[in-house]
Every structure is written in structure tokens, then in C-alpha cells.
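Okay, structure first, notes after.
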Number of protein chains: 2
Amino acid sequence: MDGLTINEAAQTTGWSARMLRYVEQAGLVSPERTGAGYRIYGPGELQRLATLKELLTRHDLSLSDIAFARRLEQDERLAADVQAWLAATPERPAEVAPGDWLSFEQLRHQRLLGIAP
Amino acid sequence: MDGLTINEAAQTTGWSARMLRYVEQAGLVSPERTGAGYRIYGPGELQRLATLKELLTRHDLSLSDIAFARRLEQDERLAADVQAWLAATPERPAEVAPGDWLSFEQLRHQRLLGIAP
DNA sequence: CCAACCTTGACACGGCAGTGATAAGGTTGG
DNA sequence: CCAACCTTATCACTGCCGTGTCAAGGTTGG
């Protein structure tokens, strides 16, 4: 075989084997399988896993966020409906307690990182 | 005052008063306040609340999804990074167990609705 | 053949989302 | 003035997210 097994890929990418299976279940990175069912991670998957990790930490996202972003790209109706709602929402972030509306999206992550109280 | 109080708005829109406060905390619909701090829902807010509910149920979304969509619209760098990753992901949905990668995003909701086992 | 590795499934756990209920206290309209 | 309503804060509960770990069983390379 010309790819890495799950544990090798885990050590290479910094994810845990458990998370690699989880990421696959989320439909974000699905490696090929050998005849016996072993996952085989090729250069493409390894690359995608590395950049995915970067993406998540850099922007403080969850796997669901990425899955949702894909839905937005693939479901025109969804994208249109969401944009329509957002467009009709002149939400004045200035009137909200500064940083409150945004922190809602990131609060859990910030807590996880020990940034927020 | 020329708007509805929170309980009136709740009955009008179908949300519970509790959820109206929660939606506000999520930064999605923030009504004006009277001098004493009472929330006053005007026609705009009522409209937004109604369509928001439609949006969520129609497409099976969470409040976080909408918050994330707004981040995507407002943070160019984020949008670019996400799109770059998705673009570099020729994820073959055809090879995944049919409906599996998508159901991941919607599984919880379907379970909630008693659709999935 | 066998140690080392893989697979799926399940239990566990802390944390957050969504939601209701309840308490303590301020506001309002008739 | 007072019943009815509002506010924030808090406790509680279900269910999912992210993760680790362990069990039972199949695969592989030397």
C-alpha cells in the first residue's frame, strides 16, 4: 500500500486516531479503504487534515461549522434564504454590549481556551 | 409605547419568552428597550423572529449556524479560508455511504424529530 | 504462527445548546 | 395602591460535541 494507516496518519497530522474516525464520520476527510477495510491516508488526505486543523484553530470553528459551510455552497436555496434573512437584519452591533453578539459564537471556544472568565 | 412586550411578542411569534431572550443573547434579534429596561418588539423584530423560525425549521438549522453565516459574510478572511479548504476537497459524496456525510449535519435534528432511528 | 495493528461498537465525561421553571425585585396601568 | 407584567440570575434537564478508553474480533508482515 502507498499510504499511511490511521495511527501513522494520526502521528503525522497531530490528530488522534479517534478524531480521524470522527472527522471521517463528519464527512470532512474520507480516506480510501483497503480490501479488508483499513483506512489508507494518502498525501491528499494528510494535506487536507493539516489545513483543516489550521482552519479550525485559526478561526475558532467546529466541524459542524465546516459541514454547514459546505451545505451553504451546495444548497442554493439554503444560501438564498440565509442571506435574505441576514440582509433583512440591520442588526446594529453598535447597540449591543460591545463584543457580546460575537462572543456568543465564540464563547465556548474562548472558555475552552481559558480566555474568557 | 408602540411595540409589544416580550410575552405579547412570544404569543405573536410562537417563540417562548425564554427563547426570545436567548435569541437576543445570540445577537440575532435585539429589540429596543424602554427606559426601565423592558424589551419592546416592533414590526421589524416580529417579522425577523417569524422568518427566523421559518428559516431554522425549513432548513433544520441552529442559531449558531446563523451566527456563523454572519461571520462568513463579515469576515472575508474567514470566508476565503473556508472556501479554499472546501475547494481543495474533492470529497466524493458518492463513495460515502449514501446520506451519511449529510446526515451528520442533520442527525441530531432528525433524531429530535423522530425521523432517524 | 503470532505480535502488532486495524475495525466497529459502546461506555464515560465535561461542556455547551436549547428550554422550562422559579426566585427576588423593579415597573406600570387603571 | 396593587395585580399583572417585566428584569436578571440560577437550577435543572435532555441531547449533542469532542475525546479517551476498552472490548471483541479480523488482518498483516516477517
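Letters go in sequence order (proteins before strands), and every chain restarts at 1. Hydrogens, waters and symmetry mates play no part in the numbers below; they use all other heavy atoms, side chains included. In this text the structure is predicted, and so the values were computed from the model without any measurement.
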Which whole-number value in Å describes the distance from [X] [atom1] to [N] [atom2]?
X	N	atom1	atom2	value
B/I6	D/dA4	CD1	C1'	16 Å
B/L56	C/dA17	CG	C1'	13 Å
B/F68	C/dA17	CZ	C1'	17 Å
B/R21	D/dT10	CZ	C1'	13 Å
B/D65	C/dA17	CG	C1'	12 Å
B/E24	C/dT19	CD	P	16 Å
B/L20	C/dG20	CG	C1'	15 Å
B/Q25	C/dT19	CD	P	13 Å

Quick one: which of B/R39, B/Q25, B/R48, B/E24 gives a side-chain contact (heavy atoms from CB on, under 4.5 Å) with B/S30? B/E24

Would you mind reporting whether [Y] and [X] have side-chain heavy atoms less than 4.5 Å apart?
X	Y	value
A/L49	A/T12	no
B/Y41	B/T13	no
B/R71	A/L61	yes
A/L55	A/I66	yes

Among residues at least two apart in sequence or on other chains, which ones pass side chain to side chain donor-acceptor pair (under 3.5 Å) with [X]?
X	value
A/E8	A/T5
B/R21	none
A/T51	B/W85

B/E73 atom CD, over 12 foreign heavy atoms within 6.0 Å: yes

Atom pairs, N/O to N/O, protein against nucleotides 19-25 of chain D, distance under 3.5 Å?
from, atom 1, to, atom 2, distance (Å)
D/dT19, O4, A/R18, NH2, 2.8
D/dG20, OP2, A/S16, OG, 2.7
D/dG20, N7, A/R18, NE, 3.3
D/dG20, O6, A/R18, NH2, 3.2
D/dT21, O4, A/R18, NE, 3.2

Identify which nucleotide among D/dT7, D/dC17, C/dT8 has an atom closest to any side-chain atom of B/R39, counting heavy atoms from C-beta outward. D/dT7

Run through DNA chain D and report every stem of 3 or more consecutive Watson-Crick or G-U pairs, distances under 3.5 Å, ordered by first number.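 Stems found: C:1-30 with D:1-30.
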
Considering all heavy atoms, the nearest B/A69-A/V82 contact: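 Taking every non-hydrogen atom into account, CB-CG1, 3.6 Å.
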
Which protein N or O atoms sit under 3.5 Å from an N or O of nucleotides 22-26 of chain C?
from, atom 1, to, atom 2, distance (Å)
C/dG26, N2, B/Y38, OH, 2.6

Start with the C-alpha gap between B/Y38 and B/R33, add the side-chain angles, then the distance that decides, and say whether side chain to side chain contact (heavy atoms under 4.5 Å, CB included) holds. CA-CA 5 Å; B/Y38 282 26; B/R33 300 292 192 111; over 6 Å; no

